[in-house]
Amino acid sequence: AGFTWAGHVIESDREHHRWAWLGLTRFVLAGVVVAFHIHRRLGLPTDKWISCLDGRVSVIAFLVISGYSIAASLEKSAAGFYRRRLLRIYPLLIGAVVLTQVLAGLSPRQYAVSGWGNALGNVALPPGLLFDVPTLNLPLWSLGVELALYWAAPFLLGAPGPVRALAMLISMAAYSSPLVLEWSYG
């Protein structure tokens, strides 16, 4: 992977480029999801270009890359894993929830959310777990999934091979189920 200098692991150029490409891929996938939502929300007619950009496939691909990233982070340094994850997610989550609430106050009633109590609930617990995700910021549900994956990752990574294989099969079955394949963005 890299080499050690003064007690720090220095990534090789190859490893650095791999992570840059994965980051770019995640950015593009997120952009596809945003384009898909905007297209659907505005009720634009489906054309060949937009039908190729399936938001559902992009979400699943994004989560697969996230899983790879989570496992790599754990393998690199398990110490402080949860601290690093919280510092990565929570500042953005808090900012997104506050901005959503401010925008909801300026928006028509159809985009109203349940208020600051609901917003605080989405910060205290994974978004969508017990409190509704605001309609003005529906992508917050994905942070709830990602936080659950952060919780599960150390246990899965340390589990015996058959347990990991079973978890992978359950995940594949869940993502292949009609509930996922037919989920709608309304």
Side-chain angles (χ1 to χ4, degrees), residues 8 11 16 19-42 53 55-158 171 174-175 180 183-186:
H8 299 285
E11 292 182 348
H16 177 74
W19 284 111
W21 276 109
L22 286 173
L24 178 62
T25 302
R26 284 174 45 140
F27 180 78
V28 169
L29 291 169
V32 167
V33 172
V34 168
F36 189 80
H37 278 288
I38 290 171
H39 182 267
R40 295 287 298 256
R41 180 60 66 189
L42 296 177
L53 302 176
R56 293 168 285 218
V57 171
S58 297
V59 166
I60 292 170
F62 187 94
L63 290 174
V64 167
I65 293 172
S66 292
Y68 177 80
S69 174
I70 290 168
S73 177
L74 267 169
E75 286 180 341
K76 187 174 185 178
S77 174
F81 172 75
Y82 288 116
R83 182 179 167 277
R84 290 192 312 271
R85 298 295 102 191
L86 289 175
L87 289 174
R88 181 179 177 106
I89 292 289
Y90 270 90
L92 295 171
L93 174 60
I94 292 167
V97 167
V98 169
L99 181 60
T100 299
Q101 285 301 115
V102 169
L103 291 174
L106 303 171
S107 298
R109 278 281 182 216
Q110 70 185 27
Y111 295 112
V113 293
S114 301
W116 285 100
N118 187 67
L120 291 173
N122 277 306
V123 170
L125 297 168
L129 182 67
L130 294 178
F131 297 89
D132 291 333
V133 173
T135 55
L136 204 58
N137 198 349
L138 289 175
L140 282 180
W141 73 266
S142 65
L143 287 178
V145 171
E146 198 150 343
L147 287 170
L149 293 174
Y150 289 158
W151 176 82
F155 302 106
L156 289 174
L157 199 61
S171 176
Y175 280 115
V180 172
W183 102 61
S184 171
Y185 291 102

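- Here side-chain hydrogen bond (donor to acceptor under 3.5 Å, both in side chains) pairs that include residues 147-158, with residues two or more places apart or in two chains, are Glu146-Tyr150.
- Counting only residues at least two apart or on different chains, the side-chain hydrogen bond (donor to acceptor under 3.5 Å, both in side chains) pairs with a member in residues 64-75 are Arg26-Ser66, Ser73-Arg84.
- For the pair Leu92/Leu143, no side-chain contact is recorded, criterion being any heavy-atom separation below 4.5 Å from C-beta on.
- The side-chain contact (heavy atoms from CB on, under 4.5 Å) test with Ser58 singles out one residue from Leu29, Leu63, Val28, and that residue is Leu29.
- Contact record, Val97 with Ala119: CG1-CB, 3.4 Å, taken as the closest heavy-atom pair.
- Annotation for Pro154 and Leu74: closest pair N-CD1, 3.6 Å, computed over non-hydrogen atoms.
- Taking CG from Leu156 and CG from Leu149, the interatomic distance works out to 9.0 Å, rounded to the nearest 0.5 Å.
- Thr100 contributes atom OG1, which lies 9.5 Å from atom CG of Asn122 (distance to the nearest 0.5 angstrom).
- Atom CD1 of residue Ile94 and atom CG of residue Leu120 lie 9.5 Å apart, to the nearest 0.5 angstrom.
- Closest heavy-atom contact between Pro91 and Leu86: CD-O, 3.6 Å.
- Judged as a ring-ring contact (aromatic ring centres under 6.0 Å, His included), not a single pair has a partner in residues 69-94 (not counting sequence neighbours).
- The heavy-atom pair separating Val123 from Leu93 by the smallest distance is CA-CD2, 4.2 Å.
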